[in-house]
Amino acid sequence: MLSMASRAQRLPASARRAQLIDVGRSVFARRGYEGASVEEIAEMAKVSKPVIYEHFGGKEGLYAVIVDREMEYVVRRISEAIAQGSARERVEQGTLAFLTYVKDHPDGFAVLAHDTPITSARGGMSSLLNELAERVGHIFLTSFKAAGYEPKVAPIYAHALVGMVTFVGQWWRGVRKPPVEEVAAHISTLVWKGLRHLPKRPEIVSKQRK
C-alpha cells in the first residue's frame, strides 16, 4: 500500500496546487482562518503536511492565495457587468453580478466574509468592499455631475451601495430565497428611486425639527 506522501506525488505540481486551493477554500469557508488547521486541509487533500508547506509556506500563505483569487474573480465579474449601459442598468447589472457570485461561489464568499487574520496582507471583505466601491464610484460620479450634484459626495453612495449589497448577500446566503434576480431588482430599485429624489444638500430631519 502506498503511503500518503507517495500518493501526493502522483499529481503534477500545478494540479496539486489547484487541488490544495480548492480544499483549503472549503475548509476556510467552514472554519474561518483561526478554526482551520493545516492538519485538516492535508487530511482532506490526502497529502502530508509538508506538501502544503512546500506549495504555500503554511496556512497563512494558502489563505492569502485563496483570498487574492476570490477578490480578483469577483472584482472582474462586477467590472465586466458595469462596463456598459445606462447608469441605472449598470447599478442593476453590478448588483446582480455580486449576488450571482454569492450564489454560485458560496465557499469563496464565505472565505471573504470571515474575519481576516491581522497578519494577512489583504483585508478580506474590507479590502473587497473598498475596491468594489472604487470600481462603481465612477457610475455615481458621472450621474452626479450630469444632474448638477456635488461630485465629491459620490464615494458615499458608492460605498453605501456596495455595503448594502454585501450584507444582503450575507443574509441571502443563509436563506437562499427569493431568487437573486428578484433580490437584485429590489436593491437596485431602492437605490435608483432614492437617487432620483435626492436633494442637492441632504440634511438630518431631526435637526430640522429643533
Side-chain angles (χ1 to χ4, degrees), residues 22 25-26 28-29 66-116 122-205:
D22 287 341
R25 184 189 296 111
S26 175
F28 286 126
I66 292 170
V67 169
D68 282 347
R69 289 195 174 198
E70 290 302 318
M71 287 183 61
E72 289 172 5
Y73 178 78
V74 68
V75 168
R76 184 176 71 252
R77 285 276 299 265
I78 293 176
S79 297
E80 292 170 353
I82 65 177
Q84 58 186 359
S86 66
R88 179 169 185 174
E89 287 172 339
R90 284 183 286 166
V91 168
E92 291 175 347
Q93 291 161 183
T95 301
L96 180 57
F98 191 96
L99 293 175
T100 301
Y101 165 74
V102 175
K103 180 186 73 172
D104 295 342
H105 302 269
D107 282 353
F109 180 71
V111 170
L112 294 178
H114 275 302
D115 291 335
T116 303
R122 301 295 294 266
M125 185 59 77
S126 61
S127 289
L128 175 65
L129 296 184
N130 287 329
E131 192 162 348
L132 291 179
E134 290 178 5
R135 297 296 180 101
V136 302
H138 72 276
I139 298 176
F140 292 94
L141 185 63
T142 302
S143 299
F144 276 31
K145 284 183 177 179
Y149 290 92
E150 181 61 55
K152 69 180 181 181
V153 302
I156 297 174
Y157 296 91
H159 281 82
L161 171 62
V162 171
M164 178 168 57
V165 175
T166 301
F167 281 102
V168 171
Q170 290 178 317
W171 163 79
W172 187 89
R173 186 165 60 98
V175 297
R176 301 192 71 81
K177 60 181 181 181
V180 291
E181 293 79 6
E182 184 177 338
V183 178
H186 281 287
I187 294 175
S188 57
T189 300
L190 171 63
V191 171
W192 197 253
K193 293 292 186 181
L195 289 175
R196 285 185 60 187
H197 302 287
L198 185 69
K200 297 292 184 181
R201 293 183 178 278
E203 294 184 1
I204 301 296
V205 175

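In this text the structure is predicted, and so the values were computed from the model without any measurement. Nothing fancy with the numbering, it's 1 onward along the sequence.
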**Q** If you measure from CD1 on Ile82 to NE2 on His138, what distance do you get to the nearest 0.5 Å?
**A** 5.0 Å

**Q** Side-chain donor-acceptor pair under 3.5 Å between Tyr73 and Arg77, yes or no?
**A** yes

**Q** Would you say that Arg25 contacts Asp22 through its side chain, given a criterion of any heavy-atom pair below 4.5 Å between the two side chains?
**A** yes

**Q** Could you tell me which non-hydrogen atom of Gly169 sits nearest to which non-hydrogen atom of Leu99, and how far apart they are?
**A** CA-CD2, 3.9 Å

**Q** Thr166 and Val162: which non-hydrogen atoms are nearest, and at how many Å?
**A** OG1-O, 2.7 Å

**Q** Is the Phe109 ring parallel, tilted or perpendicular to the Tyr101 ring (thresholds 30°, 60°)?
**A** perpendicular

**Q** Hey, what do you get for CD (Gln170) to CG (Leu112), rounding to the nearest 0.5 Å?
**A** 10.0 Å

**Q** Taking all non-hydrogen atoms of both residues, which atom of Gly137 and which atom of Ala158 are closest, and how far apart?
**A** CA-CB, 3.8 Å

**Q** Any salt bridge linking Arg135 with Glu131? Criterion: basic side-chain nitrogen under 4.0 Å from a carboxylate oxygen.
**A** yes

**Q** Applying side-chain contact (heavy atoms from CB on, under 4.5 Å), name anything that partners Pro202, two or more places apart in sequence or on another chain.
**A** Tyr157, Leu198, Pro199

**Q** How many angstroms lie between CD in Gln93 and CD1 in Ile139, if you round to the nearest 0.5 Å?
**A** 9.0 Å

**Q** Which pair of heavy atoms, one from Glu89 and one from Ser86, lies closest together, and at what distance?
**A** OE1-N, 2.9 Å

**Q** So, does Arg90 use its side chain to make a donor-acceptor pair with the main chain of Gly85 at under 3.5 Å?
**A** yes

**Q** Report the distance from atom CG of Leu129 to atom CE of Met71, rounding to the nearest 0.5 Å.
**A** 9.0 Å

**Q** Tell me whether Ser188 contacts the main-chain N or O of Ala185 through its side chain, where contact means a donor paired with an acceptor under 3.5 Å.
**A** yes

**Q** Rounded to the nearest 0.5 Å, what separation is found between the NE2 atom of His159 and the CD atom of Glu134?
**A** 7.0 Å

**Q** Taking Val180 as the fixed residue, which of Leu96, Val102, Val168 is the one that meets the side chain to side chain contact (heavy atoms under 4.5 Å, CB included) rule?
**A** Leu96

**Q** Output every pair passing salt bridge (charged side-chain N to carboxylate O under 4.0 Å, His left out) with a member in residues 159-188, not counting sequence neighbours, ordered by first then second residue.
**A** none

**Q** Roughly how far apart are Leu161 CG and Ile156 CD1, rounded to 0.5 Å?
**A** 14.0 Å

**Q** Ala81 and Ala97: which non-hydrogen atoms are nearest, and at how many Å?
**A** CB-CB, 3.7 Å

**Q** State whether the number of non-hydrogen atoms from other residues, nucleotides or ligands found under 6.0 Å of Gln84 atom CD is greater than 12.
**A** no

**Q** Just by modelled atom types, is the Pro179 backbone N or O under 3.5 Å from a matching donor or acceptor in the Trp172 side chain?
**A** no

